[in-house]
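Predicted model, so just to flag it, every value in this text is computed and none were measured. Just so you know, ligand 1 is whichever comes first in the structure, and atom 1 is the first atom listed for that ligand.
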Amino acid sequence: MKPYASSLDDMMGEAAFDVLAKAKALEKKGRSVLHFEIGEPDFDTPKEIVNAAKHALDEGFTHYVGFDGIQELKDAVCEHVNECLGYEPSTDQVIILPGVKPGIFFSMLALVNKGDEVIYPNPGFPTYLSLIRYLGAKDVPIYLNERNDFEMRADEIENKISAKTKLIIINSPHNPTGGVCSKKGLEEISAIAAERGTWILSDEIYSNMVYEGKHFSVSEVDQARERTILIDGFSKSYAMTGWRLGWLVGPKRLVERMRLLPLNALSCTSSFTQRAGIEALSNSEVKGWMKSMLDTFRKRRDTIVKGLNSIEGFKCHLPKGAFYAYPNVRKTGMKSGEISDLLLNRLGVATLPGTAFGEGGEGHLRFSYASSLEVLREAIGRMKKAFNE
Ligand SMILES: Cc1ncc(COP(=O)(O)O)c(C=O)c1O
């Protein structure tokens, strides 16, 4: 008999951490490895944010706080949503959490029953499928590919939705493809969700990383708002992955009940980190810093996409958001896993196979371009040498 609950067998790990461990092992042996596997900005958290946390610590702001977040941060989130998305939620619709992942976890625990169906993007962030399975629900993938510009299309959802569909998960901008859902597409998905009485979970962790135009959230569609949980956070936009801070906004009828989940699991999110979050959302210097980070990512995007397109067998779409390049490598004749292993072991270039994000990722690789232009050029050089000569 297993020493643990059988439901744990349905949970899955994350390949990014496995590849990182392999890459580190190679480095320990003296090999040079260029890192494109982990999805985190290579920038330091802005000093204004760090200072706000230090100040809170010096003040002794180190005790339990409200289980759904401190009032000032919830207020700041409401203002931020108003400024960015044009509607102002009330603070009782907000829960502050240690990152976006707990937002995904608690939302799914709050909504999904055994036997329900959940529509989700494939390839997609691995946590979605892991939780669908863990909860005993049925996963209903929407396959994303170049043909549909890596958008989760309403007509495909329409084809797969059923009376059992409880939830549609949307992630725009999207990990791993860099795809962005259009306003029209999100309006169409909202109409389907409203007609079928389905919930929407919108993971918008890359909301501040859209290269052209403005981010559009499904929660901006009136019809969708009453059935949408919007999750966003600080990890990527403010280079705060290690701080663990995020938020969710949802309809009051759901949020007032689901707050019991963080209450029972966490007691509260770290108090002084929340003070840093207020600074991140309200400091004008930080806004300028974010713009320059995005400009840097845009330059890197253009460099890596051009470079990847110069490698035989690679074809890379221009990502519209996030910081991932997602080339199609089918013409190399190799499987994603094989080519990712080869790049790491032979060339010292650490990437993730598309299949780390579901079977819909076969034929692709993900490069997280959170590295300097020099590192990007060096990696392209190594790959060109191996594939073009
Ligand atoms: C789509 C997506 N959602 C959620 C997360 C996790 O965010 P956090 O670190 O805030 O928990 C990530 C991290 O890579 C992500 O790519």
Going by an N to O cut-off under 4.0 Å, is there a salt bridge joining Lys160 and Glu156? no
Can you name the atoms of ligand 1, numbered from 1 with element, that are less than 4.0 Å from a heavy atom of Gly99? 10 (O), 11 (O)
Please tell me whether Phe367 and Tyr326 form a close aromatic pair, meaning their ring centres lie under 6.0 Å apart. no
Looking only at protein heavy atoms, what sits closest to atom 7 (O) of ligand 1 is Ile205 CD1, 3.1 Å
Report the nearest protein non-hydrogen atom to atom 2 (C) of ligand 1: residue, atom name, distance rounded to 0.1 Å. Asp203 OD2, 3.4 Å
Do Arg301 and Glu212 meet the salt-bridge criterion of a basic N to acidic O distance under 4.0 Å? yes
Backbone, side chain, both or neither: what part of Asn175 comes under 4.0 angstrom of ligand 1, heavy atoms only? side chain
May I ask you to check whether Trp243 and Tyr238 place their ring centres under 6.0 Å from each other? no
So which heavy atom in the protein is nearest atom 11 (O) of ligand 1, and how far is it from that ligand atom? Arg244 NH2, 2.7 Å
Enumerated ligand 1 atoms positioned under 4.0 Å from heavy atoms of Tyr128: 1 (C)
Side chain or backbone of Phe234 under 4.0 Å from ligand 1, or both, or neither, by non-hydrogen atoms? neither
Is it the side chain (CB and beyond), the backbone, both or neither of Glu40 that lies under 4.0 Å from ligand 1, heavy atoms counted? neither
Below a 4.0 angstrom heavy-atom separation, can you tell me which part of His174, side chain or backbone, both or neither, approaches ligand 1? neither
When distances are taken from atom 12 (C) of ligand 1, the protein heavy atom at minimum range is Phe125 CZ, 3.3 Å
Taking NZ, NE, NH1 and NH2 as the nitrogens, is one of them in Asp341 or Lys335 under 4.0 Å from a carboxylate oxygen of the other? no
Check whether the ring centres of Phe150 and His174 lie less than 6.0 Å apart, and answer yes or no. no
Centroid-centroid under 6.0 Å between Phe323 and Tyr211 rings: no
Please list the nearest protein heavy atom to atom 14 (O) of ligand 1 with its residue and the distance rounded to 0.1 Å. Lys236 NZ, 2.6 Å
min-distance protein heavy atom vs atom 10 (O) of ligand 1 -> Ser235 OG, 2.7 Å
If the threshold is 4.0 Å, N to carboxylate O, is there a salt bridge linking Asp149 and Lys320? yes
Out of all atoms in ligand 1, which are within 4.0 Å of some heavy atom of Asn171? Include the element for each. 1 (C)
In plain terms, say whether Arg259 and Asp68 are close enough for a salt bridge, that is, a side-chain N and a carboxylate O under 4.0 Å apart. yes
